[in-house]
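Since the structure is predicted, the reported quantities are computational estimates derived from the model, not experimental observations. So that the names make sense, note that chain A is the first sequence line, chain B the second, and so on, each numbered from 1.
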Number of protein chains: 2
Amino acid sequence: MKNTMMPHHRMTRQRQVILEEIRNDKTHPTADEIYEKVRKRIPRISMGTVYRNLDMLASSGLIKRLEPGRSQMRFDGDITDHYHLTCVKCGRIEDILFESPENSIETLERALGHLTKYGVFGHRLEFFGLCSICRREEDVTGLVSLAAR
Amino acid sequence: MKNTMMPHHRMTRQRQVILEEIRNDKTHPTADEIYEKVRKRIPRISMGTVYRNLDMLASSGLIKRLEPGRSQMRFDGDITDHYHLTCVKCGRIEDILFESPENSIETLERALGHLTKYGVFGHRLEFFGLCSICRREEDVTGLVSLAAR
DNA sequence: CTATGTGCAAACTATTTGCCGTCTG
DNA sequence: CAGACGGCAAATAGTTTGCACATAG
């Protein structure tokens, strides 16, 4: 009752290396950042191969495709459920790990759970703010005035 | 204590018509959909002008720029706070108006409110499911199996 | 008047694809 | 050894930009 006519996927060296590099990268890299890293190990690899593999790996669930509005796609080797913070200053994407007093994420997830009853199967929740690096630079200097996006 | 060196914006006919067309369109149109509509009223308008004005209108807050991952930008003349449902089948974007028993959105917003304490200024929350049109087609036939995205 | 905006066309960026030879299973 | 895959280069799609003229305020 499964795998009827499913194309068979091979684990080529290219695919293997791409997967490894994404898994070893906590920065949510773009396709060309991945390309550069992989190229150090497989110099003649092409961008087309990288994209094809990113597609394949994402649709088979081995990696996650992030889709920040506007800018390019980014990829995440961490496929466990978590949210991201997109930095409004530098564009970097960080994981959000709230162990807040209010357990906000749990409240959120509970609320989101209710929605599935109304025809919603999934959601994407993204946060905007300053990443840890930009927060440091910004310091007490000035608070960022943020147009809601 | 304001408007120091701010460029002055003119309300040209092009800008006016673009704004009108977006405001009269509940479908969250793409740039080229807007272009086609505007072209019926200003035949010689160019795509460049449409894009420049969409940028300007969005950054001045007169319209909202939606940024569905992958696909093109879409725009919304309704700038009041609301969430969207992106149809996983046809890509259409609908407004979500939950007046659910659990008041899920209120719970959500309350939870999201807490996060601002932790350096998050804004968020984007998108839902995935079937839009009203595709829901009708799908009928009782088959439930969509949805990879979490 | 003059800075802001327009039309046009060319440029750009990220991503996708066709072709054909290569290699995995 | 067949079908999946890779390299290469060209093609796309969406969006942006430089330029010279037009126009709102």
Side-chain angles (χ1 to χ4, degrees), chain A residues 3-22 28-60 62-75 86 91 93, chain B residues 3-22 28-60 62-75 86 91 93:
Chain A
N3 202 21
T4 318
M5 290 280 79
M6 286 273 279
H8 180 237
H9 290 144
R10 299 172 181 173
M11 185 49 73
T12 58
R13 170 151 168 70
Q14 287 83 341
R15 188 162 296 164
Q16 182 63 49
V17 170
I18 289 169
L19 183 53
E20 282 172 24
E21 291 299 336
I22 295 172
H28 312 89
T30 57
D32 52 287
E33 287 166 352
I34 293 161
Y35 173 62
E36 288 308 329
K37 287 188 138 201
V38 171
R39 210 142 68 102
K40 290 185 180 138
R41 296 171 60 187
I42 309 177
R44 301 185 51 81
I45 199 171
S46 75
M47 202 59 191
T49 299
V50 171
Y51 271 108
R52 268 184 294 237
N53 278 296
L54 290 173
D55 260 10
M56 211 236 65
L57 292 169
S59 55
S60 68
L62 288 168
I63 63 173
K64 260 192 184 164
R65 177 196 266 110
L66 311 182
E67 288 159 351
R70 249 115 130 62
S71 64
Q72 319 121 271
M73 294 186 231
R74 292 180 169 272
F75 297 86
T86 298
I93 296 184
Chain B
N3 202 19
T4 318
M5 291 282 77
M6 286 272 277
H8 180 237
H9 288 143
R10 300 172 180 174
M11 185 49 74
T12 58
R13 170 149 169 73
Q14 286 82 340
R15 187 161 296 162
Q16 182 62 50
V17 169
I18 289 170
L19 183 53
E20 281 173 22
E21 290 300 338
I22 295 173
H28 312 90
T30 58
D32 51 286
E33 287 165 352
I34 293 161
Y35 174 61
E36 287 309 329
K37 288 188 137 203
V38 171
R39 210 141 69 103
K40 290 185 181 138
R41 297 171 60 186
I42 310 178
R44 301 184 53 80
I45 198 170
S46 75
M47 204 57 191
T49 299
V50 171
Y51 271 109
R52 270 184 296 236
N53 277 298
L54 291 173
D55 259 9
M56 209 236 71
L57 292 169
S59 54
S60 67
L62 288 169
I63 63 173
K64 261 192 184 162
R65 188 206 305 284
L66 312 182
E67 287 160 352
R70 287 308 231 128
S71 65
Q72 320 120 274
M73 295 186 229
R74 291 181 169 271
F75 297 86
T86 299
I93 296 184

Practice task
Could you check how far CZ of A:R52 sits from P of C:dA14, rounded to whole Å?
Solution key: 19 Å
Problem - Nearest-angstrom distance from the residue atom CG of A:D55 to P of D:dC5 - result: 12 Å
Completion exercise
Separation of D:dG6 atom C1' from A:Q16 atom CD, nearest Å, is 16 Å
Exercise for the section: Examine the base of D:dG14 for any acceptor or donor lying under 3.5 Å from a partner atom in the side chain of A:R70, and report the outcome as yes or no. Expected result: no
Exercise for the section: Sort and list the pairs that fulfil salt bridge (charged side-chain N to carboxylate O under 4.0 Å, His left out) and have at least one residue in residues 40-49 of chain B, not counting sequence neighbours. Expected result: B:E20-B:R41, B:E21-B:R41
Practice task
Specify the separation, in whole Å, of atom CG of B:N53 and atom P of D:dA24.
Solution key: 14 Å
Handout entry: Non-neighbouring partners of B:R52 that pass salt bridge (Lys or Arg N to Asp or Glu O under 4.0 Å), sequence neighbours left out
Key = none
Problem - Within-4.5 Å side-chain heavy-atom neighbours: B:I22 and B:L62 - result: no
Handout entry: Close residues, residues 30-45 of chain A, relative to DNA chain D [heavy-atom separation under 4.0 Å]
Key = A:R44, A:I45
Problem - Overall bend - the helix from C:dC1-D:dG25 to C:dG25-D:dC1, comparing terminal axes fitted on five pairs, nearest 10 degrees - result: 40°
Problem - Gap between atom OG1 of B:T30 and atom CD1 of B:I93 - 0.5 Å precision - result: 10.0 Å
Exercise for the section: Output yes when a side-chain donor or acceptor of B:R74 lies under 3.5 Å from a complementary backbone atom of B:H28, and no otherwise. Expected result: yes
Exercise for the section: State, yes or no, whether a side-chain contact exists between A:L57 and A:R15 at a heavy-atom distance under 4.5 Å. Expected result: yes
Handout entry: Exercise: identify the closest heavy-atom pair between A:S46 and A:Y35
Key = C-CE1, 3.9 Å
Identify each atom pair where a protein N or O and an N or O of nucleotides 9-13 of chain D are less than 3.5 Å apart, giving names and distance.
none

Exercise for the section: For nucleotides 20-25 of chain C, just jot down a letter per nucleotide in 5' to 3' order: B, S or -, based on protein non-hydrogen atoms under 4.0 Å. Expected result: ---BBS
Exercise for the section: In sequence, state the C-alpha distance, the side-chain angles, and the governing distance for B:R65 and B:F75, and then conclude on side-chain contact (heavy atoms from CB on, under 4.5 Å). Expected result: CA-CA 5 Å; B:R65 188 206 305 284; B:F75 297 86; 3.8 Å; yes
Problem - CE on A:M73 to CD1 on A:I34, rounded to 0.5 Å - result: 10.5 Å
Exercise for the section: May I ask you to evaluate whether B:Y51 reaches the phosphate of D:dT16, defined as a side-chain N or O under 4.0 Å from OP1 or OP2? Expected result: no
Exercise for the section: Give one of base, sugar-phosphate or nothing for B:R15, where a contact means two heavy atoms less than 4.0 Å apart. Expected result: sugar-phosphate
Handout entry: Rounded distance [0.5 Å steps], CD in A:Q14 versus CD in A:Q16
Key = 11.0 Å
Handout entry: A:T49 vs A:I42 side-chain heavy atoms within contact, under 4.5 Å
Key = no
Practice task
Compare all side-chain heavy atoms of A:E36 with those of A:E33 and state whether any distance is below 4.5 angstrom.
Solution key: no
Problem - A:I18 CD1 to D:dG7 C1', straight-line distance once rounded to whole Å - result: 13 Å
Problem - Phosphate OP1/OP2 of D:dG7: any A:Q14 side-chain N/O under 4.0 Å - result: yes
Exercise for the section: Carefully, step by step, assess A:I18 and A:I45 under the rule side-chain contact (heavy atoms from CB on, under 4.5 Å). Expected result: CA-CA 10 Å; A:I18 289 169; A:I45 199 171; 4.2 Å; yes
Fill in the blank from the handout: Between the CD1 atom in A:I63 and the CG atom in A:L54, the distance rounded to the nearest 0.5 Å is 5.0 Å
